[in-house]
Amino acid sequence: AQSVTQPDIHITVSEGASLELRCNYSYGATPYLFWYVQSPGQGLQLLLKYFSGDTLVQGIKGFEAEFKRSQSSFNLRKPSVHWSDAAEYFCAVGGVDTGNQFYFGTGTSLTVIP
Amino acid sequence: DSGVTQTPKHLITATGQRVTLRCSPRSGDLSVYWYQQSLDQGLQFLIQYYNGEERAKGNILERFSAQQFPDLHSELNLSSLELGDSALYFCASSAGTGAGELFFGEGSRLTVL
C-alpha cells in the first residue's frame, strides 16, 4: 500500500541554521514526490516536485530535496532558515500506480527561533 | 494566488444541518480533489472528479457527497453534520487525471456546534 511517513511531528531551529525535514514513502513503482508548505490560515503551496531525472531537485524559497530510491526517502533541505519559513510542511506521493490519488504525510511543524 | 477559489471561507452551523462548499478550479484544470484536514487526522483525501465524472474515492463518509458541474466548478455537500465534521476542507485542482501538481485553494473552515 502507498503511504508517506514524516517522522518528525515538530522541529525547532534557530534562524540561519540549516534544516532537514524527513520523508519516507512506500510506493510500488517510480513515485512522483512533492513537498508542500502551509502557512497558518492558508492553503498548501507547492515547494518542489520530483517526477524523474536528476534526483536533487530545487524548489522555491531556497528549498531543495533529494530523492533516494534505495532509502525510499525524499528529504527536504534548506541551508539557512528564515523566520518566514515557520509553517507546516507536507510530503506527498502520487503516480499512475496510486490511481491518480495523492497520499500526504501527517506534516512537520517548523518553528524558527530568532 | 493558486487560482483555486473556495467559498465560503468560514462556516458555523449546528449539528444535524447540511452545508455546501463550493470550489472553482484553476482555469483550464479538469480535475478537482477534495481533502479534509483536521488536527487528529491530518490531510485526508475525500474524492476526485475529472471533467464531471467521479475518478477516485477516498475516506468520504456516506453523509458527504460531491459533484462537478459542466463549467468544472465543484460542490461538496455535507449533511447530518456532527461535531467531528468540524475541519478545514480543501479543494485542489490539477490539469489532468495523472498525479501531477496539485493547486490548493485556501480552504473552507467548517465549525459544527
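Since the structure is predicted, the reported quantities are computational estimates derived from the model, not experimental observations. Labels below follow one simple rule: chain letters A, B, ... track the order of the sequence lines, proteins then strands, and each chain is numbered from 1.
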Please check if [X] and [Y] belong to a single hydrophobic cluster, counting links between Ile, Leu, Val, Met, Phe, Trp and Tyr side chain heavy atoms closer than 4.5 Å.
| X | Y | answer |
| --- | --- | --- |
| A:Y36 | B:L46 | no |
| A:V57 | A:V37 | yes |
| B:V4 | B:L76 | no |
| B:L88 | B:V32 | no |
| A:W35 | A:Y25 | yes |

- Does atom NE2 of A:H10 have more than 12 heavy-atom neighbours from other groups under 6.0 Å away?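 More than 12 heavy atoms, drawn from other residues, nucleotides or ligands, come within 6.0 Å of this atom.
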- Query: More than 12 foreign heavy atoms under 6.0 Å from CD1 of A:I60: is that the case here?
  - Reply: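 Yes, enclosed.
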- Task: Taking the side chain as every heavy atom from C-beta outward, state whether B:L43 and A:L44 have any pair of such atoms under 4.5 Å apart.
- Result: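 Yes, side chains in contact.
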- Hey, does B:E101 have a side-chain heavy atom less than 4.5 Å from the side chain of A:F102?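 Not touching, per the 4.5 Å side-chain cut-off.
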- What part of A:L46 is in contact with chain B, defined as an atom under 4.5 angstrom from a non-hydrogen atom: side chain, backbone, both or neither?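 Looking at A:L46, just its side chain touches chain B.
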- Checking heavy atoms, do the side chain of A:E88, its backbone, both or neither come under 4.5 Å from chain B?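 Neither part.
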- Query: So how far is it from B:F103 CZ to A:Q45 CD, rounded to the nearest 0.5 Å?
  - Reply: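 One gets 10.5 Å once the value is rounded to the nearest 0.5 Å.
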- Determine, using ring centers only, whether A:Y103 and B:F45 are less than 6.0 Å apart.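 No - the distance between ring centres of B:F45 and A:Y103 does not fall below the 6.0 Å cut-off.
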- Hey, would you say the A:F104 and B:Y35 ring centroids sit under 6.0 Å apart?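 Ring-ring flag for A:F104/B:Y35: true, centres closer than 6.0 Å.
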- Query: Where does B:L102 contact chain A at under 4.5 Å (heavy atoms): side chain, backbone, both or neither?
  - Reply: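 Both the backbone and the side chain of B:L102 come within 4.5 Å of chain A.
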- Query: Taking only residues two or more places apart in sequence, or in another chain, which ones meet A:S73 in a side-chain contact (heavy atoms from CB on, under 4.5 Å)?
  - Reply: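 With sequence neighbours excluded, A:S73 shows a side-chain contact (heavy atoms from CB on, under 4.5 Å) to A:N24, A:K68, A:Q71, A:N75, given in chain and number order.
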- For B:Q36, which residues count as a side-chain hydrogen bond (donor to acceptor under 3.5 Å, both in side chains) partner, sequence neighbours excluded?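 With sequence neighbours excluded, B:Q36 shows a side-chain hydrogen bond (donor to acceptor under 3.5 Å, both in side chains) to B:Y89, given in chain and number order.
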- Query: Taking non-hydrogen atoms and a cut-off under 4.5 angstrom, which of residues 14-22 of chain B neighbour chain A?
  - Reply: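 Interface residues of residues 14-22 of chain B: none, nothing closer than 4.5 Å to chain A.
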- Can you pull out the residues in residues 105-113 of chain B with any heavy atom less than 4.5 Å from chain A?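 From residues 105-113 of chain B, the residues near chain A are B:G105, B:E106.
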- Task: Identify the two heavy atoms, one from A:F90 and one from B:Q37, that lie closest to each other, and give their separation to 0.1 Å.
- Result: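 Closest approach of A:F90 to B:Q37, heavy atoms only: CZ-NE2, 3.4 Å.
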